[in-house]
J.: 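Encoded as structure tokens, here's the structure I'll be asking about.
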Amino acid sequence: MRHLKSDFYGKLEELLDSGLEHEEVGIFLFERGAYENIQKSADLVKDRGYILMNSLQFNHVDWTIVVKKP
């Protein structure tokens, strides 16, 4: 989702809902950009009822989140 820059929320939501099976873990890489992108992705995961297992800076521009579908 890195190529989407700050416009990754719709794609993240789509992948969470249809790309993960029950109890499956997904790792998502996106461009960090502004810090609010990190908080918004965490809020989206929480609001959709998924489990945010990890969230960390991968390098100077990329951020990863690890999400589990309950």
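None of the values given here were measured: they were computed from a predicted structure. We number each residue from 1, following the sequence as shown.
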J.: Report yes if the side chains of N37 and W63 come closer than 4.5 Å at any heavy-atom pair, otherwise no.
T.: no
J.: Would the number of heavy atoms belonging to other residues, nucleotides or ligands and lying under 6.0 Å from CD1 of I27 be above 12?
T.: no
J.: Check whether any side-chain heavy atom of V66 sits under 4.5 Å from a side-chain heavy atom of V25, and report yes or no.
T.: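 In short, these two side chains touch, coming nearer than 4.5 Å.
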J.: Could you measure the distance from the CG atom of N59 to the CG atom of L56? Nearest 0.5 Å is fine.
T.: 10.5 Å
J.: Would you give the length of the straight line joining atom CD of E31 to atom CG of D62, rounded to the nearest 0.5 angstrom?
T.: 7.0 Å
J.: Is there a side-chain contact between L4 and F30 in this structure, where contact means two heavy atoms from C-beta onward sitting under 4.5 Å apart?
T.: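 Counting from C-beta outward, L4 and F30 never come under 4.5 Å.
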J.: For L16 versus Y50, what's the shortest heavy-atom pair and its separation?
T.: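 Of all heavy-atom pairs spanning L16 and Y50, the closest is O-OH, 3.0 Å.
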J.: Closer than 4.0 angstrom, basic N to acidic O: yes or no for E21 and K69?
T.: no
J.: So, for S55 and I38, which heavy atoms are closest and what is the spacing to 0.1 Å?
T.: OG-CG2, 4.2 Å
J.: Rounded to the nearest 0.5 Å, what's the gap from OG on S41 to CD on E36? Could you check?
T.: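 One gets 11.0 Å once the value is rounded to the nearest 0.5 Å.
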J.: Specify the closest pair of heavy atoms between G49 and P70, including all atoms of both residues, with the distance to one decimal.
T.: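 Here G49 and P70 meet closest at O-CG, 3.1 Å.
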J.: Decide if atom NZ of K11 counts as having more than 12 heavy atoms of other residues, nucleotides or ligands within a radius under 6.0 Å.
T.: no
J.: From L12 CG over to R48 CZ, what is the distance, rounded to the nearest 0.5 angstrom?
T.: 9.5 Å
J.: For D17, is the CG atom crowded, meaning more than 12 foreign heavy atoms sit under 6.0 Å from it?
T.: yes
J.: What's the spacing between E23 CD and I51 CD1 if we round to 0.5 Å?
T.: 7.0 Å
J.: Can you measure from CZ (F58) to CD1 (I65) and round to the nearest 0.5 angstrom?
T.: 14.5 Å
